[in-house]
Protein chains: 2
Amino acid sequence: MSQAWHEEMQAAAQRGGRIGDRDIADKVRRAVLMQRLPPGTKLPEVTLGEVFGVSRSVIRKSLTRLASEHVVDQRPNQVARVRAPGIEETRETFEARRLVEGEVVALLAGGLSAATLEALGGEAREETAAYRRGDEAARIEHSLNLHHLLAEQSPNRVLGGLLTDLVLRTSIVVALYKRSGLASCYQEAQHDRLIALLADGESEAARRAIHDHLFGLEALLDLSPRESRIDLMSILG
Amino acid sequence: MSQAWHEEMQAAAQRGGRIGDRDIADKVRRAVLMQRLPPGTKLPEVTLGEVFGVSRSVIRKSLTRLASEHVVDQRPNQVARVRAPGIEETRETFEARRLVEGEVVALLAGGLSAATLEALGGEAREETAAYRRGDEAARIEHSLNLHHLLAEQSPNRVLGGLLTDLVLRTSIVVALYKRSGLASCYQEAQHDRLIALLADGESEAARRAIHDHLFGLEALLDLSPRESRIDLMSILG
DNA sequence: CATACCCATATTGTATACATAAGGCCCTGC
DNA sequence: GCAGGGCCTTATGTATACAATATGGGTATG
């Protein structure tokens, strides 16, 4: 367990009043997303309990929730660990998300209220601004917000739920496999283009835009099998 | 809590040796699928604990698992209840499953081993046999096995996981909204046709076959809004 | 007669203690 | 030097006690 993660969590615990399993899951999820908790990190229940000032009961519920979101691996009689999706699963996650998010934006095109479009545009603008000032954490936050908003607005709530899950999972693997040289996975103007197509009701063009966006994102990752820093950890660990 | 369900569970508890949260979730899931547990049924933790001979800890884990599968509703400070998806959600679930299962069978076509094809054929045959002898429980079992097998065989494991979830959810709503006159939702020969197309590698035809199959299944349901026996329970409850 | 309030009861939320199993370390034997 | 086995440490699995909260019924009141 790294030092940084411990103090981060302790600080988070102190700021809030009563915290529940939901809050804890949120914090751990964010920490994973921001790579504060590297894959494979052990998450012992007692330790987390001390950090958050609650008992194992609450922690267990949080971990179970995170496991159902595929954020942590929770195996019987074993310490929960931050999940490390392999290269194959990464590709599959992207493929699944292309299918689902493509369908969602196609359904969404032309049916969004002005207020929603404005909210989407706002997130896109803030993402760009964060990128320009080099604030990667904020950039990821706004990018996530944008896609999460799409998922929430889906007229098909079931598909929306699936999309929410897939957005989280892709975000985790992006953080994991981002090429070391790259500071960010920002793709200039792609979000704005998508929003314009949604506003114009161009269903199929919006679907293609999402496909391009996700293919582009996947292409920014280093998914070469040789670099097995992650696989070693999960296989040997 | 109905009488039948209680004795069913007690019998189940007695037959097995040590039972864990997984087993309990399985049994409750089956009971829901077989309509032994009607929607809205309360599932108090202590009652379940007594029935299965375990403490609330185990029950809680089971319920949480079932909640993540959308089988039960688990809201804070409230007793868990068997979930009652509304008509709208039913349609959305079918739409989502068409999208995902269509893609899965398209990916699967032409790539299945002879052994897997034989296993699929076996389930289809057993389903037909069960239908002919009027054993609806067995028919559902084999139909579920078939689709579950498809999900497991998906080269894309992420999509397979999504499909597993959707198959379960559609099964629940089929049980719920099956027209009262209908003894079964069996659709003659459709499974066999699908398997043939998979064997022949006809991706797009297989996708269409699944679409037809699922549209046909949805058409067998009574989704008219007037009959609000379910909606009243979930809205007022 | 309808409504609002209040109390008794049932049920979940949380913490803790004990039981059980996994993992690591050292020690022994080859 | 290396492999194997047993002990010890650590962490999870399960049960239980207590606290907090919802639910339902009964009663008083407008």
Side-chain angles (χ1 to χ4, degrees), chain A residues 1-2 5-6 9 13-14 16-28 37 40-68 71-84 232-237, chain B residues 1-2 5-6 9 13-14 16-28 37 40-68 71-84 232-237:
Chain A
M1 198 123 356
S2 78
W5 121 257
H6 186 270
M9 289 296 105
Q14 286 168 355
R18 303 289 182 281
I19 59 180
D21 58 292
R22 191 91 53 149
D23 307 286
I24 295 176
D26 284 348
K27 291 191 199 313
V28 175
L37 261 49
T41 306
K42 293 198 293 186
L43 301 172
E45 297 173 358
V46 284
T47 309
L48 288 175
E50 288 165 4
V51 167
F52 286 108
V54 297
S55 83
R56 285 177 53 208
S57 320
V58 187
I59 300 295
R60 284 176 76 83
K61 204 164 181 175
S62 305
L63 287 176
T64 301
R65 185 186 299 278
L66 290 168
S68 81
V71 175
V72 306
D73 243 2
Q74 203 183 22
R75 292 154 73 175
N77 293 323
Q78 233 162 303
V79 190
R81 302 168 88 99
V82 176
R83 227 170 89 82
L232 279 180
M233 286 197 68
S234 61
I235 291 171
L236 304 178
Chain B
M1 196 119 356
S2 77
W5 121 259
H6 186 269
M9 289 296 104
Q14 285 168 355
R18 302 290 183 284
I19 60 181
D21 58 290
R22 191 92 52 149
D23 308 287
I24 295 175
D26 285 347
K27 292 190 198 314
V28 175
L37 261 50
T41 305
K42 293 197 294 186
L43 301 172
E45 297 174 359
V46 284
T47 309
L48 288 176
E50 288 165 3
V51 167
F52 286 108
V54 297
S55 85
R56 285 177 53 210
S57 319
V58 187
I59 299 295
R60 285 177 76 83
K61 205 165 181 176
S62 305
L63 288 175
T64 301
R65 185 186 299 277
L66 290 168
S68 81
V71 175
V72 307
D73 243 2
Q74 203 183 23
R75 291 154 71 176
N77 293 324
Q78 235 163 302
V79 311
R81 302 167 87 99
V82 176
R83 227 170 90 82
L232 279 180
M233 286 198 68
S234 62
I235 291 171
L236 304 178

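A note on names: the letters A, B, ... follow the listed sequences, proteins ahead of strands, and every chain is numbered from 1.
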Sequence neighbours left out, what passes side chain to side chain contact (heavy atoms under 4.5 Å, CB included) with [X]? Give chain and number order.
X	value
A:V58	A:D21, A:I24, A:V54
A:V79	A:K42, A:P44
A:S68	B:S68

Nucleotide of [options] approaching [X] most closely (side-chain heavy atoms):
X	options	value
A:S55	C:dA15, C:dT12, C:dA17	C:dA15
B:N77	D:dT21, D:dT14, D:dT12	D:dT21
A:R56	D:dA15, C:dT12, D:dT14	D:dT14

Search all heavy atoms of B:E45 against all heavy atoms of B:R60 and return the closest pair with its distance.
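Result for this residue pair: OE2-NH1, 3.0 Å.
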Looking at residues 60-67 of chain A, who's got a heavy atom less than 4.0 Å off DNA chain C?
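Within residues 60-67 of chain A, no residue comes under 4.0 Å of DNA chain C.
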Side chain to side chain contact (heavy atoms under 4.5 Å, CB included) between B:V46 and B:I59, intermediate numbers included:
CA-CA 8 Å; B:V46 284; B:I59 299 295; over 6 Å; no
[N] [atom2] sits how many Å from [X] [atom1], rounded?
X	N	atom1	atom2	answer
B:R75	D:dT23	CZ	C1'	14 Å
B:D73	C:dT12	CG	P	14 Å
A:R22	C:dT12	CZ	C1'	15 Å
B:I59	D:dT14	CD1	P	11 Å
A:Q78	D:dA11	CD	P	13 Å
B:I24	D:dG13	CD1	P	14 Å
A:E50	C:dA15	CD	P	13 Å
A:E45	C:dT20	CD	P	18 Å

Among all residues two or more places apart in sequence or in another chain, which pass the side chain to side chain donor-acceptor pair (under 3.5 Å) test with A:R22?
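None.
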Would B:R83 and B:V72 count as a side chain to side chain contact (heavy atoms under 4.5 Å, CB included) if you check the C-alpha gap in whole Å, the side-chain angles of each, and the deciding distance to 0.1 Å?
CA-CA 5 Å; B:R83 227 170 90 82; B:V72 307; 5.6 Å; no
Are A:D73 and A:V82 close enough, and set up right, to give a side chain to side chain contact (heavy atoms under 4.5 Å, CB included), and what steps lead you there?
CA-CA 6 Å; A:D73 243 2; A:V82 176; over 6 Å; no
Quantify the bending of the helix from C:dC1-D:dG30 to C:dC30-D:dG1 as the angle between its end axes, each fitted on five pairs, to 10°.
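Helix axis angle between the two ends: 20°.
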List the steps and the verdict of side chain to side chain contact (heavy atoms under 4.5 Å, CB included) for A:Q74 and A:T64.
CA-CA 7 Å; A:Q74 203 183 22; A:T64 301; 3.6 Å; yes
Heavy-atom nearest nucleotide on DNA chain C for B:A80 versus B:S57: which residue maps closer to 5'?
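Nearest-nucleotide comparison on DNA chain C picks B:A80.
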